[in-house]
Amino acid sequence: MNLVVTVLEIVTPVFLLALVGFTWVKTGHEYRLEFVTKLTMTLSVPALIFTALVNADIEPAALKALSIASVVAYGGVTVAAWLAIKLLRLDARTYLAPLIFGNTGNLGLPLALFAFGEAGLSYAVVVFAVMALWSFTFGVYVTAGGGSLGKAFKEPLVWATALGALFLWQGWTLPRFAMNTLELLGQIAIPLMLITLGVAVARLHPHGLGRAAIISLGKAILCAGIAALAGLFFGLAPVPLAVLVVQVATPVAVTSYMLAEKYGANSDEVAALVVSSTLLSVLYLPLLLAILI
C-alpha cells in the first residue's frame, strides 16, 4: 500500500497539470502554444538543464556511464523501431521518429524530479540531451528527408547541456546572483511544459486510435526493455538506471506531430500515436515506477 501511495504522489501532479492545460483549451480559453513552446525551449528549459547540472552531485564516472548507456539505448531503439516498421510495412517518414523519441522533456523531466529528487533531474537532463541531439539530426532527417548536425548545435538546450556538463566536470559555478536568476527562470519550465502538453493533446485531431494504441503499447515495452538492458550492461546504479528506463519509455512527444505537420508526413496518424501513448502512459508509467522504485 505504501508503494502505491508513493507512486500516486509522484505521477498525480504530472497528469493533473497536463489536465489543467487540456481543460483550459476545452473551455475556450486562449493559449498561445507557439509562444509558450518557444519561451520554454529557448529560455526556461536551457536554464533548468544548466543549473541542474551545475548543482548536481554526480561523479564523472557515473555521468560518463549514463551518457554512453543513453546513446546505446537510443541506438538500440532506433534499430528495433526500423525493423518493426519494415515488418509491419509502415511509412518510415510517419512512424520512425515517433517510435524512437519519447516526451523526455514535458513528461520525463518532471517525473524524474518528483520520483528521484534533484539527483534524478540531473540524470534526466543527460538522457534528454542525448535524445534531443538525435532528434534534431536523425529525427528531422527521416521525417523531412534532410537534416544536419549544425541544426542541432543551434539549439539552446544543447549548449546548456554542454556548458552544464563542463561546469560539473570542472567544479565551476557562476556568481550567486547569476545562478539565482537562472534557477528562477528554470523553475517555470516544468509547470509550463506539463500544461503545454495538455494543451497540445487537446488540440490534436487523431484518427485510427485503435491501431495507434497497439503500436504505442509495443513502443513502451520495447523502449523500456532496451533501456533496461543498456543500463544494466553499463552497470548503472539504481537511480540513474531507473531514470534512463523512464525517460526512454515516455510516450510519443508532441514535437513528433509538429515535425510531421511541418514536413508533410501523415500528421493525423502521428496525432493518434501522441494521444494514445499519452493516455496509456497514465497506466504504464505508474507500473514502471512501482517496479523501479
Side-chain angles (χ1 to χ4, degrees), residues 10-11 13-15 17-18 20-21 33-53 66-67 70 73-74 77 97-116 118 120-140 143 151-152 154-162 164-165 182 185-201 204 219-220 223 227 243-260 270 273-274 277-278 281 285:
I10 293 167
V11 300
V14 171
F15 291 112
L17 279 176
V20 168
L33 185 62
E34 183 179 355
F35 166 74
V36 176
T37 300
K38 194 167 185 177
L39 174 69
T40 54
M41 297 305 290
T42 305
L43 294 177
S44 62
V45 173
L48 175 68
I49 291 173
F50 178 79
T51 55
L53 287 174
L66 178 59
S67 300
S70 301
Y74 276 109
V77 169
L99 290 182
I100 298 170
F101 306 114
N103 207 336
T104 56
N106 295 54
L107 198 55
L109 294 181
L111 272 178
L113 176 63
F114 293 143
F116 307 107
E118 293 294 335
L121 178 62
S122 300
Y123 290 123
V125 298
V126 175
V127 184
F128 176 52
V130 171
M131 184 283 302
L133 184 60
W134 193 225
S135 175
F136 289 133
T137 52
F138 182 75
V140 171
T143 305
K151 179 179 176 63
K154 293 178 182 177
E155 295 295 329
L157 64 89
V158 174
W159 283 105
T161 304
L182 289 174
L185 181 60
Q187 286 173 12
I188 70 172
I190 285 178
L192 271 182
M193 285 191 296
L194 289 173
I195 292 171
T196 302
L197 172 62
V199 170
V201 170
L204 295 178
K219 165 187 163 56
C223 289
V243 169
L244 176 63
V245 173
V246 170
Q247 279 284 65
V248 178
T250 48
V252 179
V254 177
T255 51
S256 293
Y257 169 79
M258 294 176 178
L259 283 175
V270 178
L273 289 174
V274 173
S277 64
T278 301
S281 71
L285 283 177

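Scanning both residues, Gly102 and Ala253, for their nearest heavy atoms gives O-CB, 3.7 Å. Ala73 and Val248 get closest at one heavy-atom pair: CB-CG2, 4.4 Å. Between Ala112 and Gly120, the closest heavy-atom pair is CB-O, 3.6 Å. Closest approach of Ala160 to Phe50, counting heavy atoms only: O-CD1, 3.9 Å. Scanning all heavy atoms of the two residues, the minimum distance from Ser44 to Leu185 falls at CB-O, 3.4 Å. Between Ala249 and Ala220, the shortest heavy-atom distance links the atoms CB-O, 4.2 Å.
With sequence neighbours excluded, the residues that form a side chain to side chain donor-acceptor pair (under 3.5 Å) with Thr196 are Tyr31. Annotation: ring-ring contact (aromatic ring centres under 6.0 Å, His included) contacts of Phe116 (sequence neighbours excluded): none. Residues passing the side-chain contact (heavy atoms from CB on, under 4.5 Å) test with Ser135 are Phe101, Met131, sequence neighbours excluded. With sequence neighbours excluded, no residue forms a ring-ring contact (aromatic ring centres under 6.0 Å, His included) with Phe114. By the side-chain contact (heavy atoms from CB on, under 4.5 Å) test, Ala200 pairs with Leu33, Val254, sequence neighbours left out. With sequence neighbours left out, the side-chain contact (heavy atoms from CB on, under 4.5 Å) criterion links Ala115 to Ile10, Leu289. Take Val45 and apply the side-chain contact (heavy atoms from CB on, under 4.5 Å) test, not counting sequence neighbours, and it matches Thr40, Met41, Ile49, Phe128, Ala189, Met193.
The closest donor-acceptor contact from the side chain of Ser277 to the backbone of Val252 lies under 3.5 Å. Counting only distance, with no hydrogens or angles, the side chain of Thr42 and the backbone of Leu39 share no donor-acceptor pair below 3.5 Å. The backbone N or O of Glu34 sits nowhere less than 3.5 Å from a side-chain atom of Thr37 that would complete a donor-acceptor pair.
Side-chain contact between Ile100 and Lys219 is absent, with no heavy-atom pair separated by less than 4.5 Å. Taking the side chain as every heavy atom from C-beta outward, Leu121 and Leu48 approach each other to under 4.5 Å. Two residues are said to be in side-chain contact when any heavy atoms from C-beta on lie closer than 4.5 Å; Ser256 and Leu273 fail this criterion. Looking at Leu107 and Leu285, their side chains come closer than 4.5 Å, going by heavy atoms from C-beta outward. Within the 4.5 Å cutoff, the side chain of Leu244 has heavy atoms near those of the Ser70 side chain.
For the atom pair CD1 of Ile188 and CG of Leu43, the computed distance is 7.5 Å after rounding to the nearest 0.5 Å. One distance of note links CD1 of Ile190 with CG of Leu113; it measures 4.5 Å at 0.5 Å rounding.
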task = Carefully, step by step, assess Val127 and Tyr74 under the rule side-chain contact (heavy atoms from CB on, under 4.5 Å).
result = CA-CA 10 Å; Val127 184; Tyr74 276 109; 4.1 Å; yes
ask   = Hey, mind stepping through Val77 and Leu99 against side-chain contact (heavy atoms from CB on, under 4.5 Å) and telling me if it holds?
value = CA-CA 8 Å; Val77 169; Leu99 290 182; over 6 Å; no
